[in-house]
S.K.: 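Just dropping this structure here.
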Amino acid sequence: MSRYDPTTSEPRWQAEWDSAGVFTARHDPARRKYYVLEMFPYPSGRIHMGHVRNYTMGDVVARTKIAQGFSVLHPMGWDAFGMPAENAAMERGGHPQDWTYGNIAVMKDQMKPLGLSIDWSRELATCDPEYYGQQQAMFIDMMEAGLVYRKAAVVNWDPVDMTVLANEQVIDGKGWRSGAEVERRELTQWFFKISNYSEELLDALDGLKDWPEKVRLMQANWIGKSRGLQFAFETVGAPKGFERLEVYTTRPDTLMGASFAAISPDHPLAKALEVKDPKVAAFVAEARKGGTTEEAIETGEKLGVDTGVRVRHPLDPDWELPVWIANFILMDYGTGAIFGCPAHDQRDFDFATKYGLPIKPVFVAEGADEAALTEAFVPMKSERVRFVSGFAGEETQTGDEAVAAAIAHAEKNGYGVGVTKFRLRDWGISRQRYWGCPIPVIHCTACGVVPEKKENLPVRLPYDVKFDMPGNPLDRHPTWRDVACPNCGMPAKRETDTMDTFVDSSWYYARFTAPRAATPTVAAEVDYWMNVDQYIGGVEHAILHLLYSRFFARAMQRTGNLPKKAIEPFNALFTQGMVTHEIYMTRDAAGRPAYHLPEDVTDGKLADGTAVEVVPSAKMSKSKKNVVDPMDIIAAYGADTARWFVMSDSPPERDVEWTAAGAEAAYKHLNRVWTLSDRIASLPEATPGTGDDDLLRVTHRAAAEVTRQIEGFAFNKAIAKLYELANAIQKSDASNAVQRQAVMVLAQLMSPMTPHLAEDIWAAQGGKGLVALAPWPKADPAMLTETTVTLPIQINGKRRAEITVPKDMPPAEVEQVALADEAVVRFLAGQPVKKLIVVPGRIVNVVV
RNA sequence: GCCCGGAUGGCGGAAUGGUAGACGCAGCGGUCUCAAACACCGCCGACGCAAGUCAUGCGGGUUCGAGUCCCGCUCCGGGCACCA
């Protein structure tokens with residue numbers, strides 16, 4: 001008898017895998033490659049259970065593919081630029097670079113004991129000049145390709161700290177440190193022309209068959225292709241230069257219901273009016289308060305001011321509409337100006353009701369009378385409506401038909417044109433921060449904006465910076481900032497904005513194929529390894545990161561940095577759920593919450609006996625202290641227990657709640673499996689038994705099922721099957737040889753999830769070499785077939801009996817057997833059978 | 001506010017439109033033990049003595065048959081372009 005002892009055996013197997021080079025990715029043209037990638041972590045300080053879950057999923061895929069004979073690339077890196085490093089420097093002193101590299105060292109040390117099949121020789125960090133220098137080279141390539149430009153864009157401005165704030169740093173419209181009311185302010189910023197690819201990024205979604213449907217839908221809605229009418233109102237009483245007001249609408253069919261026009265507070269007309277009209281100026285100033293997020297704008301109180309300017313209705317020159325400035329209109333979408341049709345848009349309805357503007361229906365529900373509206377009538381697109389006013393006539397039609405008719409009418413009569421627009425905006429990448437990739441351009445008074453010469457790359461971040469005052473320290477760094485113009489040699493200034501960290505993460509997957517190359521990528525390596533076959537990460541990245549990566553793949557190909565294929569970076573995507581935990585909270589006298597770590601809470605009480613309030617499970621977060629440190633679990637039970645737990649029970653796309661009981665149960669099961677193997681190993685050679693064939697069939701069926709479930713990303717179901725196989729071996733009375741065979745297959749099938757225990761069992765049963773390299777078990781189809789089948793019999797849809805018949809019995813015979821069944825006869829009680837439905841191999845339903 | 005998901009026993013969950021609750025946890029009963037723990041065996045949706053009835057967030061609908069499809073809600077979660 002020997003004990004399951006993960007603490008000593010896990011490091012031993014990790015050393016064995018290392019020395020055998022099991023996980024080193026090899027460019028081997030003779031073998032099929034498989035590239036599996038998990039979204040790389042931000043080096044926040046310590047790994048958490050979410051990381052364990054994410055990387056274990058990737059590991060299961062990678063290990064299965066290795067066993068199936070693929071040449072596997074499974075790399076790891078660090079998304080190492082970002083705000084937290086600067087925040088740490090401001091709060092605790094120190095330097096973002098030191099903080100970041102320190103965290104990377106700690107987290108790497110924490111990841112090693114998990115026994116992940118990572119090729120660490122390809123490790124990269126985005127804050128490494130070796131990485132961001134290549135990124136700068138690509139930025140310059142993109143400039144040359146016309147994919148980069150500058151324009152004014154709004155940012156969150158903290159008027160007290162005199163600094164730009166991230167959306168995260170705006171809390172209830174106020175700066176997180178100063179508490180001052182945030183304003184929207186315009187700044188000249190760098191942009192990538194992702195909008196050049198709107199149509200293509202949308203169309204190509206159809207080809208992403210192995211992406212979750214919901215992610216494709218979210219991206220499609222985000223890109224937001226719409227067909228609408230663009231036309232211009234003729235203005236009355238507007239300042240010079242504003243004789244026309246351009247409007248885009250997706251609902252031109254409601255034009256006859258217009259009761260006002262409205263423009264964004266950021267619209268040029270609003271800016272022109274604010275100069276001369278104090279009332280407008282006051283409103284616009286008020287409307288610019290608050291953050292820049294669409295959520296803040298859309299959920300705030302809808303306010304407006306009448307500018308006094310009027311516009312003529314395009315279909316009736318005598319009909320004038322007032323022009324309002326409204327705080328809910330986004331300058332970034334359409335033309336920043338709309339017409340309001342209160343009868344058929346709820347937001348316009350609320351606005352009109354509030355300010356006493358007319359509400360005039362254009363159509364009513366088919367068959368309904370025209371009556372006063374209590375809310376906007378917005379039909380579904382396919383719903384037929386009856387027009388009661390306007391050019392579209394009296395006939396009924398659907399919304400889609402009406403829109404098309406209205407565009408046709410406008411084009412025929414020359415007052416507007418049908419246009420296709422996208423909601424997707426260009427990608428603003430400028431950040432007024434230090435800890436990011438410097439934008440490699442120089443501003444020269446004579447030459448304008450000049451890219452840095454490629455031979456001068458990387459433009460390195462200076463180390464000697466201080467974070468003792470708000471703002472970007474690069475702005476205050478004279479020797480770094482003040483340089484000679486690369487073009488004319490005259491004194492010039494370096495761009496001090498750095499890049500959005502999403503840029504860093506938009507191409508790292510390609511860099512992994514040649515992480516040390518002197519160019520961003522290397523054709524031969526990209527050709528072999530790309531695309532990523534399986535990408536795994538959180539659903540919170542469903543839109544931005546994934547869309548930016550898809551854009552970057554295209555931009556890189558355009559600039560020759562991603563040769564040949566790789567138009568789509570990720571062939572298959574899996575979005576995993578979060579790891580959650582209950583939150584334990586107490587309140588102080590003032591009612592402010594205090595949070596407590598799970599390890600400090602026993603039976604709902606703190607050590608001093610205070611009862612805690614239990615808040616339902618939520619994403620593990622440091623601020624709520626509902627975290628379990630993976631290192632504690634590994635120390636107590638070993639990595640395999642943590643891995644087995646996060647893969648069992650919950651489906652991987654859903655959240656999983658970490659519970660101490662669950663971890664304990666996982667540990668117990670692994671012990672049971674070890675004990676089972678140990679018992680079989682200690683049986684004398686050639687111990688006879690009964691039921692060999694049964695156990696073999698169970699083993700083959702398990703191999704088939706587990707493989708199917710792993711390949712379908714249903715790890716919880718794979719684990720359920722592994723429980724069944726372990727239970728079956730436990731109960732079996734088969735011969736020693738067959739039991740050994742079964743337990744070795746069990747070890748192999750478990751090896752992606754619990755690789756160390758699998759090696760232990762493999763070795764104990766006399767397996768050759770490492771189980772990590774043993775060929776994946778293949779089920780014999782002959783062992784999977786059944787000869788009989790049990791069919792439930794329903795009477796009027798309720799299950800009343802069951803029969804067991806040969807699998808291939810013809811339906812007519814099944815009917816006879818079913819109707820002759822004693823229970824069926826009893827239930828029918830002589831009633832005539834109206835209908836009999838036999839679904840072969842499935843069910844019989846008798847209708848009376 | 002807008003876009004996208006989710007909801008099934010005490011708990012996590014399973015179920016190509018075809019026997020609702022696989023598998024696991026907790027619980028209950030038993031074996032072993034002086035005893036406890038461990039381990040092992042068995043039971044385990046609710047109500048009912050039983051036959052059976054009721055059960056997949058709520059309200060409708062389609063179907064021989066609905067957890068699954070359709071319509072209308074509720075609650076919870078993710079995203080909303082400077083968190084990563």
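Every chain is numbered from 1, with letters handed out A, B, ... down the list of sequences. Just so it is clear, the values below take in all heavy atoms, side chains as well, and ignore hydrogens, waters and symmetry mates.
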S.K.: Looking at A/Trp427 versus A/Tyr548, is the centre-to-centre ring distance below 6.0 Å?
M.R.: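 When the ring centroids of A/Trp427 and A/Tyr548 are compared, they turn out to be within the sub-6.0 Å range.
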S.K.: Determine the interatomic distance between P on B/A26 and the same-named atom on B/C41; round to the nearest Å.
M.R.: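 Nearest-Å result for B/A26 against B/C41 at atom P: 15 Å.
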S.K.: Reading 5' to 3' and counting Watson-Crick or G-U wobble pairs with both distances under 3.5 Å, write the dot-bracket notation for RNA chain B, | for bases paired outside the strand.
M.R.: (((((((..(((.....[....))).(((((.......))))).(((....)))..(((((..]....))))))))))))....
S.K.: How far, in whole Å, is B/G45 from B/A35 if one measures between their C1' atoms?
M.R.: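 To the nearest whole Å, 36 Å.
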S.K.: For A/Ala703, does its backbone N or O pair with a side-chain atom of A/Arg708 as donor and acceptor, under 3.5 Å?
M.R.: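 Flag not set: sc A/Arg708 to bb A/Ala703 has no pair under 3.5 Å.
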S.K.: Suppose we screen for side-chain hydrogen bond (donor to acceptor under 3.5 Å, both in side chains). Which residues come up paired with A/Gln169, at least two apart in sequence or across chains?
M.R.: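 Counting only residues at least two positions away or on another chain, A/Gln169 forms no side-chain hydrogen bond (donor to acceptor under 3.5 Å, both in side chains).
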S.K.: Please report the distance, rounded to the nearest Å, between CG in A/Leu544 and P in B/C83.
M.R.: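 Those two atoms, CG and P, are 9 Å apart.
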S.K.: Which part of the nucleic acid does A/Lys717 contact within heavy-atom distance under 4.0 Å: base, sugar-phosphate only, or nothing?
M.R.: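 Sugar-phosphate only.
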S.K.: Of the nucleotides B/U53, B/A81, B/C82, which one has an atom closest to the side chain of A/Arg433?
M.R.: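 The closest nucleotide is B/C82.
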S.K.: Establish, from distance only, whether the side-chain atoms of A/Asn167 and A/Thr293 form a donor-acceptor pair under 3.5 Å.
M.R.: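 No donor-acceptor contact under 3.5 Å links the two side chains.
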S.K.: Nearest whole angstrom, please: distance from the P of B/G52 to the CZ of A/Arg799.
M.R.: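 Checked: the CZ to P distance equals 11 Å.
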S.K.: Verify the distance criterion only: is there a donor paired with an acceptor across the side chains of A/Trp176 and A/Glu168 at less than 3.5 Å?
M.R.: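 No, A/Glu168 and A/Trp176 have no side-chain donor paired with an acceptor closer than 3.5 Å.
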S.K.: If the cut-off is 4.0 Å, is A/Arg654 near the phosphate of B/A7, judged by side-chain N/O to OP1 or OP2?
M.R.: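 For B/A7, OP1/OP2 do have a side-chain N/O of A/Arg654 under 4.0 Å.
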S.K.: Just to be sure I understand the rule, does A/Gly428 reach a base, reach only the sugar-phosphate, or reach nothing, if contact means heavy atoms closer than 4.0 Å?
M.R.: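 Counting heavy atoms under 4.0 Å across all strands, the contact made by A/Gly428 is with sugar-phosphate only.
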S.K.: Where does B/G59 land, syn or anti, given syn is within 90° of 0?
M.R.: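 Here the answer is anti: the torsion falls beyond 90° from 0.
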S.K.: Can you confirm if the aromatic rings of A/Tyr132 and A/Phe81 lie within a centre distance of less than 6.0 Å?
M.R.: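 Aromatic pair counts; centres sit under 6.0 Å.
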S.K.: Both A/Thr292 and A/Phe40 contact RNA chain B. Taking the nearest nucleotide for each, which residue is further toward the 5' end?
M.R.: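 Here A/Thr292 is the residue nearer the 5' end.
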S.K.: Once you apply a heavy-atom cut-off of 4.0 Å, does A/Lys798 come out as touching a base, just sugar-phosphate, or nothing?
M.R.: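 Here A/Lys798 touches the backbone only, sparing every base.
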S.K.: Would you please test A/Thr100 and A/Trp435 for side-chain hydrogen bond (donor to acceptor under 3.5 Å, both in side chains) and show each step?
M.R.: CA-CA 10 Å; A/Thr100 301; A/Trp435 193 233; 3.2 Å; yes
S.K.: Return the polar atom pairs (N/O with N/O) between nucleotides 43-48 of chain B and the protein under 3.5 Å, or none.
M.R.:
none

S.K.: Nearest 0.5 Å, please: how far is CG in A/Leu676 from CG in A/Leu725?
M.R.: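 It comes to 9.0 Å.
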S.K.: May I have the distance from A/Asp655 (atom CG) to B/G78 (atom P), rounded to whole angstrom?
M.R.: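 Value for this atom pair: 8 Å.
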S.K.: Hey, what are the protein-to-nucleotides 24-30 of chain B N/O distances that come in under 3.5 Å?
M.R.:
| residue | atom | partner | partner atom | Å |
| --- | --- | --- | --- | --- |
| B/G24 | OP1 | A/Asn727 | ND2 | 2.8 |

S.K.: Taking only distance into account, with no hydrogens and no angle test, what donor-acceptor pairs under 3.5 Å do side-chain atoms of residues 643-650 of chain A form with protein atoms, sequence neighbours excluded?
M.R.:
| residue | atom | partner | partner atom | Å |
| --- | --- | --- | --- | --- |
| A/Arg643 | NE | A/Met753 | O | 2.8 |
| A/Arg643 | NH1 | A/Asp59 | OD2 | 2.9 |
| A/Arg643 | NH1 | A/Leu114 | O | 2.9 |
| A/Arg643 | NH1 | A/Gly115 | O | 3.4 |
| A/Arg643 | NH2 | A/Asp59 | OD2 | 2.6 |
| A/Arg643 | NH2 | A/Pro752 | O | 2.9 |
| A/Trp644 | NE1 | A/Tyr723 | OH | 3.4 |
| A/Ser648 | OG | A/Trp644 | O | 3.0 |
| A/Ser648 | OG | A/Phe645 | O | 3.1 |
| A/Ser650 | OG | A/Asp655 | O | 3.4 |

S.K.: In whole angstrom, give me the gap between the P atoms of B/A20 and B/U53.
M.R.: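 It works out to 12 Å between them.
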S.K.: With C1' as the reference atom in both, quote the distance from B/A46 to B/G59 in angstrom, rounded to an integer.
M.R.: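 B/A46 and B/G59 have their C1' atoms separated by 23 Å.
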S.K.: Tell me which donor-acceptor pairs under 3.5 Å the side chains of residues 214-222 of chain A have, and how far apart each pair is, sequence neighbours excluded?
M.R.:
| residue | atom | partner | partner atom | Å |
| --- | --- | --- | --- | --- |
| A/Arg216 | NE | A/Leu208 | O | 3.4 |
| A/Arg216 | NH2 | A/Glu213 | OE1 | 2.8 |
| A/Gln219 | OE1 | A/Arg550 | NH1 | 2.9 |
| A/Gln219 | NE2 | A/Ala542 | O | 3.0 |
| A/Asn221 | ND2 | A/Leu217 | O | 3.4 |

S.K.: Does A/Glu653 or A/Glu213 map to a spot on RNA chain B nearer the 5' end, using the closest nucleotide for each?
M.R.: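 With A/Glu653 and A/Glu213 compared, the 5'-side residue is A/Glu213.
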